[in-house]
Amino acid sequence: MERQLTEDEIVESVDEAIKNGDIYAVFQPQINHATGRMVGAEALMRWKHPEFGMQYPATFIPVMEAYDLVFRADLHIFEEVCQVQRYCLDNHIPLVPLSFNMSRYDIYRHDYVEKIEEIRKKYDIPVKFLRVEITESSAIGGMEILQMAINRLHEYGYLVEMDDFGSGYSSLNILKDLDVDIIKLDMRFLSGGVGGRGGTIISSIIQMTKWLNTPVIAEGVETSDQADYMESIGCYYVQGYLYFRPIDRDEFILQLKTTDHEPLSPAMNLIRTMDAGKFWDPDSLETLIFSNFVGAAAVMTYRNGKLEILRINKKYIREIGMNMDEKELIGTDPWDSYDETNKALYEATIKKAIRTRDEETCETQRRVCSKSCGDTMIWVRTDLRVIGQAGDEFLIYAMIKNITSEKEQLMAVIDSERKFRYASDQVNIYAWEYIFATKDMRPCFRCMRDLHLPPVVKNYPEPVFENGLFPMDYKESYYELLQNLENGLESADVIIPLTVGRIPFHVRYTTEFDETGKPLKAYGSATLVVDGES
């Protein structure tokens, strides 16, 4: 007859259950949802009473804790973990790290860390294949003792996981004070479905843990929607019924043989010279430099087309202008300020920076909207560099310069030149200057474009007669004209048929003199002869 044991029955039968193997370990694999590979597994305690069947952990574990019996049960489960690992090592079966639980009663009342180290050495298991799980509630009333135990575990080489993160009321304080290596996220945040307030909280936690360089495992994942949502916000590692229910030793060993493995990776790989903790510390040298001694700068994340600003300095705000504040710049989607063309250019530059791992630059136009100044369009030159990566999410450092004034001046010059060239084209005018002393001729843009002249024609006009631009039968009279100008003639004009088509042009010269009256240059022009001109 199946039933749950009473409190007295649990207390009386724990030792016998451990001895007989009625209390034993089952294993729940942890999977990278993006790849389907196993990254680890958790060992869970189960109790199957020979007469009354399976007992609920929620029933017998609190009783064990209350009567100081959980210590023996936890050590028994850890020994089974080591036995499985030893079997795999002896039979050349690929291993993944196994997590096992440490109750607060284990460390408050017993020397748990030393005991598990004795067992590990007994089975000669490499410590890299073992992880210790603590719960948030372990820190209640004994933070210093717990941190001492974690420090001791770290000295031996164990990684420490915080289980059920988010289930308590002081999660952030605990995370700040305890030096844990892995976070196991309580998926009860998504109990009402993905997204919503719970989804927002989880997304924020994931972003925070990346800066802490701490991997996150989502625990209790039961549906594809939950796993897909976690992947979409950058959490790839999941544990739950979606992939595996807790399985016995033999089934777990079979899964080790047949499922591909991969290591658990840190959340954010930052460039070697950057310390995330110091970067976010308002009193650190890194923050002092970022805020005061570099130019206009921002830190952003980019993932699959989504861009998010994490941090900006005051110079960035001033460079953008428009009397904006930090909240206005950080609290909006950066892509909203770009049209499709400029967004495509900016995103292409980000992707190039990701590919080259070098600084890349672009100039883009963006719309800026402030509460006090309204809307305006500005030009910004941006230098982008990747400073960190977490899976397919990239941390981007951006330096900007507002180049609106430069662009407007350049556009005005380009517009003026365009209008000048258009006017020249319409009136069919060619212009040049001739320097008497060197016999150099410098043609205009249209001369170079239409007549294929170089920027400087040496020993003018000989080359233009040789290439057929000027007809040879006008050579003597043209040389005479230039000589007269060099001798002091203020101006001269002549009609000459130019090019092989002998098209008549009206050639005019005006002489420039120095302060002594000596001719320096002659400015020439050639205009197409219209009907009736002679």
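Computed from a predicted model, the values in this text were never measured in an experiment. In what follows, residues are counted from 1 in the order of the sequence shown.
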So, Glu363 and Lys407, do they make that salt bridge, N to O below 4.0 Å?
yes

Any ion pair linking Arg385 and Glu360 (charged N to carboxylate O, less than 4.0 Å)?
no

Is Glu308 paired with Arg303 through a side-chain N to carboxylate O contact shorter than 4.0 Å?
no

Identified side-chain hydrogen bond (donor to acceptor under 3.5 Å, both in side chains) counterpart of His33 within the set Tyr236, Tyr243, Tyr237:
Tyr243

Any side-chain donor-acceptor pair under 3.5 Å between Thr356 and Asp358?
no

Closer than 4.0 angstrom, basic N to acidic O: yes or no for Glu42 and Arg131?
no

Test side chain to side chain donor-acceptor pair (under 3.5 Å) on Tyr479 and Glu462 and set out the steps.
CA-CA 9 Å; Tyr479 269 96; Glu462 190 64 27; 2.6 Å; yes

Indicate whether any N or O donor in one side chain lies under 3.5 Å from an N or O acceptor in the other, for Asn484 and Asn487.
no

Does the pair Val180 and Glu161 meet the rule for a side chain to side chain contact (heavy atoms under 4.5 Å, CB included), with working shown?
CA-CA 6 Å; Val180 297; Glu161 301 177 356; over 6 Å; no

Beyond-backbone contact of Glu347 with Lys343, side-chain heavy atoms, under 4.5 angstrom:
yes

Ring pair (Phe, Tyr, Trp, His ring centres under 6.0 Å) between Tyr434 and Tyr460, worked out
CA-CA 8 Å; Tyr434 173 65; Tyr460 183 79; 5.6 Å; yes

Is there a side-chain contact between Leu395 and Tyr302, using heavy atoms and a 4.5 Å cut-off?
no

Return the set of residues passing side-chain contact (heavy atoms from CB on, under 4.5 Å) with Pro463 (not counting sequence neighbours), or none when no residue passes.
Val457

Verify whether the ring centers belonging to Tyr346 and Tyr338 lie closer than 6.0 Å.
yes

Using the rule given for ring pair (Phe, Tyr, Trp, His ring centres under 6.0 Å), can you reason through Phe465 versus Phe470, listing the C-alpha separation, both sets of side-chain angles and the distance that settles it, and then say yes or no?
CA-CA 5 Å; Phe465 283 104; Phe470 285 11; 5.4 Å; yes

Evaluate the criterion side chain to side chain contact (heavy atoms under 4.5 Å, CB included) for residue pair Arg442 and Ile435; output intermediate values, then yes/no.
CA-CA 9 Å; Arg442 299 181 183 275; Ile435 302 172; 4.0 Å; yes

Quick test of your reading of the model: are Lys521 and Glu512 salt-bridged, counting only N-O distances below 4.0 Å?
no

Does the distance from a Lys or Arg side-chain N to an Asp or Glu carboxylate O, for Asp514 and Lys518, drop under 4.0 Å?
no

